[in-house]
Amino acid sequence: MIDLHVHTNCSDGQFSPAETVRLAAKSGVTAMAVTDHDTASGIPEAMQTAAEYGMTFFPGIEISVQGEKELHILGYGIQPKHTALLEFCRGHAEKRRARSQRLIAYLNGLGVSLTLEEVCACNGGRSSGRPHFARALVEKGFACSVQDAFDRYLTTPEYYASVERPKPSPKKAIGIIREAGGIAVLAHPHQLKLSDAALESLLISLKDDGLSGIEAYYSLHTAEQTALYLQLAEKHGLLVTCGSDFHGPAVKPDIQLGTGLFGSLNVTDAGIVSRLAAAIHRNDLK
Ligand code: AMP
Ligand code: ZN
Ligand code: FE
Ligand code: FE
């Protein structure tokens, strides 16, 4: 199985890079990418473990960007220690830290008594992502599930207006990915909730910015959505990728490595891996 969208505890996943890769190998994944939010810090450890298991491994990242909507751009084949990429990631880590402070103040203002220390304590000492806050809110009894915490506190218009951090443009993020030797792919297009025509216009504009592919196979895509994304990829000469968006059972309980949501993924087409490798290679030659 192929899984090109996986998070570790270097961002908001549950397991270390080595544990995540080991679990993937045991789950029958033979080609994978680690794609943490706004950081490539887990790549060296993941890469080494993948080599021990004889797996094909792509060093990856997932960057949140702000266009007309928030989009997630996956980068594959990046050099994790590339200076411009490291600088970019450092800036984002700082913006996340500032957001954490605003989020605590915001929650306190809503009568939710929670400290950053408590958030870190329920997450193995870490806090960088909203899923960390969601878990802490559940643990402290302010929400009945991670989804409930997102709905009540972490995705409201007030949250976006007063707490959310500034994000780069799609063009900037795609540019950084390419500069660091990688190629850029639009993650989970279904999440954008765009009409077919609006998604097509967006793809054309992102392709102008240097986008190379679309994540057509994803845990939460219906068969109809996948068919549409495959057709758009074909029409616009874009690569196709596949990913579960695994974060670990404590963060996303039903999403499994390789198989996705109750077997929704299960991609085995070796052409996906070879075309991605070839595209990264072509970018390297530029
Ligand atoms: P962050 O990058 O810290 O803003 O958090 C992004 C993470 O939150 C991603 O892993 C998303 O899957 C997760 N997320 C975003 N919106 C929701 C939602 N409505 N319900 C559950 N998880 C969400
Ligand atoms: Zn995440
Ligand atoms: Fe995402
Ligand atoms: Fe993701």
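In this text the structure is predicted, and so the values were computed from the model without any measurement. Note that ligands are numbered from 1 as they come in the structure, with each ligand's atoms numbered from 1 the same way.
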Intermediate values then yes/no, side chain to side chain contact (heavy atoms under 4.5 Å, CB included), I43 and I61: CA-CA 9 Å; I43 297 303; I61 192 165; over 6 Å; no
Salt-bridge criterion met for [X] and [Y] (N-O under 4.0 Å):
X	Y	answer
D269	R275	yes
R90	E87	yes
D38	R165	yes

More than 12 heavy atoms from other groups under 6.0 Å of NZ on K69: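 Correct, the count exceeds 12.
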Heavy-atom neighbours of E68 CD exceed 12 at 6.0 Å: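 Check fails, neighbour count at 12 or below.
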For Y217, give me all partners under ring pair (Phe, Tyr, Trp, His ring centres under 6.0 Å), at least two apart in sequence or on another chain. none
Would you check whether H247 has a nitrogen or oxygen atom less than 3.5 angstrom from a nitrogen or oxygen atom of ligand 1? yes
For ligand 1, does [X] get within less than 4.0 Å through its side chain, its backbone, both, or neither, judged by non-hydrogen atoms?
X	answer
H37	side chain
S11	neither
R99	side chain
R165	side chain
R96	side chain
D12	side chain

Looking only at protein heavy atoms, which one is nearest to atom 15 (C) of ligand 1, and how far off is it? F150 CE2, 3.6 Å
Nearest-0.5 Å distance that lies between atom NE2 in H7 and atom NE2 in H5: 3.5 Å
So which of R130, Q147, E164 gets nearest to atom 4 (O) of ligand 1, if we judge by its closest heavy atom? R130
Closest to atom 19 (N) of ligand 1 by heavy-atom distance, out of L103, D38, I255, T155, is T155
Per-atom contacts, ligand 1 versus [X] - under 4.0 Å to a heavy atom:
X	value
P131	5 (O), 7 (C), 8 (O)
K252	12 (O)
G129	3 (O)

Consider only side-chain N and O atoms of S219 and D245, and report whether a donor and an acceptor are under 3.5 Å apart.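 Side chains of S219 and D245: no pair found under 3.5 Å.
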State whether the side chain of K167 and the backbone N or O of Q66 hold a donor-acceptor pair below 3.5 Å, judged by distance alone.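 No; zero donor-acceptor contacts below 3.5 Å.
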Are side-chain heavy atoms of Y153 and L103 found at a separation under 4.5 Å? no
Please determine whether side chain to side chain contact (heavy atoms under 4.5 Å, CB included) holds for the pair M32 and Y53, giving the CA-CA distance in whole Å, both sets of side-chain angles, and the decisive distance to 0.1 Å. CA-CA 12 Å; M32 77 179 290; Y53 283 91; over 6 Å; no
Taken by chain and residue number, the protein N/O/S atoms under 2.8 Å from the Fe ion (ligand 4) read H5 NE2, H7 NE2, E62 OE1, D245 OD1
